[in-house]
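In what follows, a structure is listed as structure tokens, so that the remarks can point back to it.
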Amino acid sequence: MDAQSFTLKLTRGAANCGAVSMTMQKSDFLRILTERGFIHQGSDMSGIDDLAAKGGLVAYVGYDCTAPSLHVGSLISIMMMHWLQATGNKPIALMGGGTTRVGDPSGKDESRAIRSIEDIEANKNGIKTVFAKILKFGDGKTDALMVDNAEWLAPLNYIDFLRDVGRHFSVNRMLTMDSARMRLEREQELSFIEFNYMLLQAYDYVELSRRYGCNLQMGGSDQWGNIVTGIDLGRRMGTPQLYALTCPLLTTASGAKMGKTASGAIWLNEAQLSTYDYWQFWRNTEDADVGRFLRLFTTLPMDEIARLSALQGAEINEAKKVLATEATALVHSREKAEAAALTAQKTFEQGSLATDLPTIEIPAADIDNELGVLAAFVTAGLVKSNGEARRQVAGGGLRINDQPMTDEKAKLRRSDVGPDGVIKLSLGKKKHVLLRPV
RNA sequence: GGACAGGUGCCCGAGCGGUUAAAGGGGACGGACUGUAAAUCCGUUGGCUUUGCCUACGUUGGUUCAAAUCCAACCCUGUCCA
């Protein structure tokens, strides 16, 4: 027990990224990550630096399969893998097909519902698509790998696992780790299945070390405890030295969690969030975040970013447009990103109708049957219920073809269909959907 | 297993027999102001075929003209004891 807490303190002591100054870094990898603001904490920066300088890093990031797409919260670690690969090292994207069956308590207030195995598999397939856009996969030395921890976790035998892995863990110490401690302090439940998550993630790291020579785990700062636990387990189970590198958890300058809105998370997959909406998300970045986001979420050269970040007042909108297009090009495609930029320009700057706004098709008969205006907004997905539509009418938030709506009993008519064959519905000034009768 | 404290709307949290679709705060959405920013101010924040109806305060029953509020059992959480 004493020996354990001692090694942990040592690890933590050397952890602060400030311990190694930028000028000392030999590797492009750490230099780029540092100047772009990716680094929160690392376990042994000079050790990582040495490996990176000779292209010797094999680094993994684990992703939960709790949804059919990752959202922008995961993008920062994906970008870390991008730079890792771009500087001659090997990334591994680990799908948590096994660990998601257990559930990570880190940074969460309360336990999530346990997901069905079919859901997890479906989610896994959705998540995979985004990696293909940002990383190069294959069999080469620096080609990315994608593996699923269900491969080794699912067949585990409980007794063997306890004897081989469980014996290296001190419950005393596990209880002091943030993920468990926060639950205990807030008097919130921490179930045994979640408590075990830490062991499984630690074991993942050891398994990846053995299978692929993986020697670095990256993740959000909330993963620090899980990562160093894996390092510790590796030492006890005889792996080569393992390292940890975490990035800051993103919040906006006003302190809100990044990528969560009432209308839903900012998904990376186009199936969950249209390219136009994804572009808009970045376009609406707060002034104070523009520089930071350009460094984290685009691959523009630093001097270009410095120029854009220096813009003041209304001019910073130009920087936001660049940010939106670049960030969207990475995750969707450049063509689609530029189309979204053009749509936005027509809609916001020229006040003209952009026909490639998100479009919903409705049966033309609905119009002839006098589709209620409230129902039309619900159909378009701009509001959740007729009641909400009513309230928005009262508050002046709904417009049809850019005309504010005042009568909630109004019906859509043939004459509302414009020359482009669509009716433009708007919620507020920013959200627009086209209804196309077919 | 025992004692005690709890389980309220997206979240936190007040209410403790009728005036409660439920105070207050946060978040979110809309309006004003702007630069598709932030800050600020204002409004809204269960559903519907909306002068009304339906659903909702852990679950199921009960008492009562009337229950989120009282009673019973059960489920769940926490603290302490075994």
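Chain naming here is simple, since letters A, B, ... match the order of the sequence lines and numbering starts at 1 in each. Just the heavy atoms: all of them, side chains too, but no hydrogens, waters or symmetry mates, feed the values below.
Separation of the P atoms belonging to B:A39 and B:G30 is 15 Å when rounded to the nearest angstrom. Remark: the separation of the C1' atoms in B:U44 and B:G62 is 39 Å, to the nearest Å. Here the separation of B:A23 from B:C10, taken at their P atoms, is 13 Å to the nearest Å. Taking the C1' atom of each, B:U20 and B:G15 are spaced 9 Å apart, rounded to whole Å. Separating the P atom of B:A14 from that of B:A32 is a span of 37 Å, rounded to the nearest Å. One P atom belongs to B:G58, the other to B:C11, and the distance between them is 13 Å to the nearest Å. Rounded to whole Å, the P atom of B:G47 lies 42 Å from the corresponding atom of B:G1. Distance check on atom C1': B:C16 versus B:G52 gives 30 Å, rounded to whole Å.
There is no side-chain donor-acceptor pair under 3.5 Å between A:Gln217 and A:Gln223. No side-chain donor from either of A:Trp83 and A:Asp28 sits under 3.5 Å from a side-chain acceptor of the other.
Listed pair A:Lys429 / B:U34 fails the phosphate criterion, with no side-chain N or O lying under 4.0 Å from OP1 or OP2. Here A:Lys321 does not reach the OP1 or OP2 of B:G35: none of its side-chain N or O atoms lies under 4.0 Å away.
Between A:His432 and A:Phe348, the ring-plane angle classifies as perpendicular under the 30° and 60° cut-offs.
If you check every strand for non-hydrogen atoms under 4.0 Å, A:Ile316 touches a base. Within the nucleic acid shown, A:Gln280 comes within 4.0 Å of at least one base atom, counting heavy atoms only. Using a 4.0 Å heavy-atom criterion, one finds that A:Thr347 contacts no nucleic acid atom at all. Counting non-hydrogen atoms under 4.0 angstrom, A:Ala394 reaches nothing in the nucleic acid.
For A:Lys430 and B:C29, the NZ to P distance is 9 Å, given to the nearest whole Å. As rounded to whole Å, 16 Å separates atom C1' of B:U34 from atom CD of A:Gln312. Going from atom CZ of A:Arg399 over to atom C1' of B:U36 covers 12 Å, rounded to whole Å. With rounding to whole Å, A:Asn284 atom CG is found 13 Å from B:A39 atom P. A:Leu311 places its CG atom 17 Å from the P atom of B:A37, with the value rounded to the nearest Å. A:Lys409 places its NZ atom 7 Å from the P atom of B:U50, with the value rounded to the nearest Å. Summarising the geometry, the separation between CZ on A:Phe377 and C1' on B:G30 is reported as 13 Å, rounded to the nearest angstrom. As a whole-Å value, the separation of A:Glu318 CD from B:U36 C1' is 13 Å.
Of all the heavy atoms in A:Ile227 and A:Thr246, the pair that sits closest is CD1-CG2, 4.0 Å. Between A:Phe137 and A:Ala144, the shortest heavy-atom contact is CD2-O, 3.2 Å. Contact detail for A:Ser309 and A:Gly291: the closest heavy-atom pair is OG-CA, 3.4 Å.
Here the side chain of A:Asp420 pairs no donor or acceptor atom with the backbone of A:Val422 at under 3.5 angstrom. Under a 3.5 Å cut-off, the side chain of A:Tyr205 and the backbone N or O of A:Leu200 do not form any donor-acceptor pair.
Nucleotide B:A73 forms a Watson-Crick or G-U wobble pair with B:U59, both donor-acceptor distances falling under 3.5 Å. Across all strands shown, B:U64 forms no Watson-Crick or G-U wobble pair with both key distances under 3.5 Å. Base pairing of B:A82 is not made with any nucleotide, judged by Watson-Crick or G-U wobble geometry with both donor-acceptor distances under 3.5 Å. Summarising the base pairing, B:G27 is matched to B:U45 through a Watson-Crick or G-U wobble pair whose two defining distances lie under 3.5 Å. Base pairing of B:A22: no nucleotide in any strand meets the Watson-Crick or G-U wobble criterion (both distances under 3.5 Å).
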Full working for salt bridge (charged side-chain N to carboxylate O under 4.0 Å, His left out) between A:Asp160 and A:Arg163: CA-CA 5 Å; A:Asp160 291 342; A:Arg163 288 177 59 94; 5.8 Å; no

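Nearest-nucleotide assignment on RNA chain B puts the 5′-proximal partner with A:Gly397, out of A:Arg283 and A:Gly397.
Looking at the side chain of A:Gln392, the nearest of the listed nucleotides B:C29, B:G35, B:U36 is B:C29. In the set B:G35, B:G30, B:A38, the nucleotide with an atom closest to the side chain of A:Asp287 is B:G35. The side chain of A:Trp279 sits closest to B:U36 out of B:A37, B:G30, B:U36.
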Atom pairs, protein N/O to nucleotides 45-49 of chain B N/O, distance under 3.5 Å:
unit_1 : atom_1 : unit_2   : atom_2 : d
B:G47  : OP1    : A:Ser385 : OG     : 2.8
B:G47  : OP2    : A:Arg391 : NH2    : 2.2
B:C48  : OP1    : A:Asn386 : N      : 3.0
B:C48  : OP2    : A:Gly387 : N      : 2.8
B:U49  : OP1    : A:Asn386 : ND2    : 3.3
B:U49  : OP2    : A:Asn386 : ND2    : 3.3

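The OG atom of A:Ser333 lies 7.5 Å from the CD atom of A:Glu270; values are rounded to the nearest 0.5 Å.
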